[in-house]
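Atoms considered below: every heavy atom in the structure, side chains included; atoms not considered: hydrogens, waters and symmetry mates. Here is the naming used below: chain letters follow the sequence lines, and residue numbers restart at 1 for every chain. Being a predicted model, the structure only gives us computed values, none of them experimental.
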There are 2 protein chains.
Amino acid sequence: MLKEERQLYIMDRVQIHNRVLLSDLSEALNVSIDTVRRDVNELSSLKKLKKVHGGAISNDFNSYNPLATTVFKQDKKRLIARKAIGLLKNGNVVLISGGTTNQELVKLIPHHLHLTVFTPSPIIAMLLMEHDNIEIILLGGKLSKAAKIAAGGQCITTLNEIRVDFSFIGSGHIHPEAGLTELDWEIIQVKKSMIQAAKHTVVLSISDKINSVQRYKTCDISRIKTIITELEPDNEILLPFQEAGINVL
Amino acid sequence: MLKEERQLYIMDRVQIHNRVLLSDLSEALNVSIDTVRRDVNELSSLKKLKKVHGGAISNDFNSYNPLATTVFKQDKKRLIARKAIGLLKNGNVVLISGGTTNQELVKLIPHHLHLTVFTPSPIIAMLLMEHDNIEIILLGGKLSKAAKIAAGGQCITTLNEIRVDFSFIGSGHIHPEAGLTELDWEIIQVKKSMIQAAKHTVVLSISDKINSVQRYKTCDISRIKTIITELEPDNEILLPFQEAGINVL
DNA sequence: CAAAATAATGCAAAAAACTGCAAAAAACAA
DNA sequence: TTGTTTTTTGCAGTTTTTTGCATTATTTTG
């Protein structure tokens, strides 16, 4: 493995997890700890990360506060969000799940747009409170700490009673055969109901998550009408979805 | 865990709760108390927080800021919040409405306290997500832009189905004869139900709001068990409430 | 004031970082 | 290709940092 590959890998780990241990890197990359140490030293002197005793941390890892932390791959997510905004029309009623991509989405909603938004996410609700022209309906229920959205029976029940124009589903794993999958059983139930409730289901997904599969299944890809990624729609990785008749943006 | 992570975590806790105990940190971070003490010492010598006997407090905790009256009021609210925390016991089920005083309250909830919290406020919910030992149940409904809490039928219905130890009602106007009053009709309905649902209703009120009356009535003061203000309990402005048999803190 | 809690200090074990060095790999020139 | 130079890598020994513990001092609280 090339030195550059290693360093790219290290940077990737740092950006995703905000931190890395040299011992983990050494094992993952199958090189001695001295080598990764040297790599981290180089990256550190290039100011690409911050070297600390035992590992390294991301430059912009200044807080555990979820709102304050810079969103990883924010540029890509913003690009996805911008494409999604294009679907919205005045008077639409939409459902928005949690996740950072959806956060970018609501940040970008034009202030003149009149919408009714249902969401199980307190964070999304908070961001939307700035918008005068948006009616927000908070979906209640027990908060899942992992996904930071309301889940459980009450949430599902409400979802089963509504019918919306769009459901924007964020941060899932998606695969042409396995469909939409997720790690958390509770979240699956919420997303299932969100999809049931929508005339038009839109999946917002960073391309990393494409072709990856998790333990539990939310739905077949046939249930999805639109997939939005940061890639060009004709990218080969998206071909299987195009062929399945899904609208790819 | 890296030293830097620990210190970021400590800073975060200090920012959110304004204070931390070394013993809590030691337990939360799974290191000896000596280690967190050293961390706090470092952070302290970097002037990032203020070390005190038993823990640390935020730098701007007690600083007098002559410019911002908002900060001044925040101190009062924090004082109120601190008194309110004293009521809470492990295992309690509580209802917390919106408002900045209640925000201060949840910021001060000790990390070790196990609670179940119902709230119609996305902001309160977000602040509570940091606490591992608190189960959060979000009350759904149409968000009132003014009060930033969920209101409306669904919220009321849920409230009518629960029974909690405490309801913490923030930011209302209170008067010995007129009782608890409010400007917004929708919010009245929510607060009424919150009071119905509680064994023990606690009103958190800055002394400015005492003896002021608004258009709509939430309830008589006889429904209130405890009033907490930033004043001493024997302040003459609070006498009428004492005489009405209300617990004044 | 005395008891309890917390802080400071010194110390030793463990983990990690640095240093110099030599072998291996890669780059380059003839 | 072959030989030379440069870079990369792992290793061994030394130094530094981190951490928990024991002991002693200090602060808090009733």
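Remark: A:Arg19 does not engage B:Glu4 in a salt bridge, criterion side-chain N to carboxylate O under 4.0 Å.
Following rounding to the nearest Å, A:Ile33 (CD1) and D:dA12 (C1') show an atom-to-atom distance of 15 Å. Whole-Å rounding puts the B:Asp34 CG to D:dT24 C1' distance at 14 Å. The nearest whole Å value for the distance from the CD atom in B:Gln7 to the P atom in D:dT17 is 15 Å. In this entry the distance linking CG of B:Leu2 with P of D:dT18 reads 11 Å, nearest Å. Atom NZ of B:Lys3 and atom C1' of D:dT16 are 12 Å apart (whole Å). Going from atom CG of B:Leu21 over to atom P of C:dA7 covers 10 Å, rounded to whole Å. Residue A:Leu22 contributes atom CG, which lies 20 Å from atom P of D:dT16 at whole-angstrom precision. One can place CZ of B:Arg37 at 14 Å from C1' of D:dT23, the figure rounded to the nearest angstrom.
Here the nucleotide nearest the side chain of B:Ser32, chosen from D:dG20, D:dT9, D:dT19, is D:dG20. When each of C:dA8, C:dT19, D:dT18 is scored by its nearest atom to the side-chain atoms of A:His53, the top-ranked nucleotide is D:dT18. Side chain of A:Val31, nearest nucleotide from C:dA8, D:dG10, D:dT8: D:dG10.
No option in B:Ile137, B:Thr119, B:Ile136, B:Ile134 other than B:Ile136 meets the side chain to side chain contact (heavy atoms under 4.5 Å, CB included) test with A:Leu143.
One can find a donor-acceptor pair under 3.5 Å joining the base of D:dG20 and the side-chain atoms of B:Arg38.
Judged purely by atom type and a 3.5 angstrom limit, A:Gln242 uses its side chain to pair as donor or acceptor with the backbone of A:Pro233.
Between A:Gly55 and B:Asn41, it is B:Asn41 whose nearest contact on DNA chain C lies nearer the 5' terminus. Annotation: of the two residues near DNA chain C, B:Lys51 and A:Lys51, the 5′-most nearest-nucleotide partner is B:Lys51.
In this structure, A:Val36 reaches neither bases nor backbone, as no heavy-atom distance under 4.0 Å exists between it and the strands shown. Within 4.0 Å (heavy atoms only), B:Val40 reaches no atom of the nucleic acid at all.
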Go through it in stages, so that I can follow the logic: the residues are B:Thr226 and B:His200, the test is side-chain hydrogen bond (donor to acceptor under 3.5 Å, both in side chains), and I'd like the CA-CA distance, side-chain angles, deciding distance and then a yes or no. CA-CA 8 Å; B:Thr226 305; B:His200 192 138; 2.7 Å; yes
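Counted within 6.0 Å of CD on B:Glu27, heavy atoms from surrounding residues, nucleotides or ligands total 12 or fewer; the atom is thus considered open.
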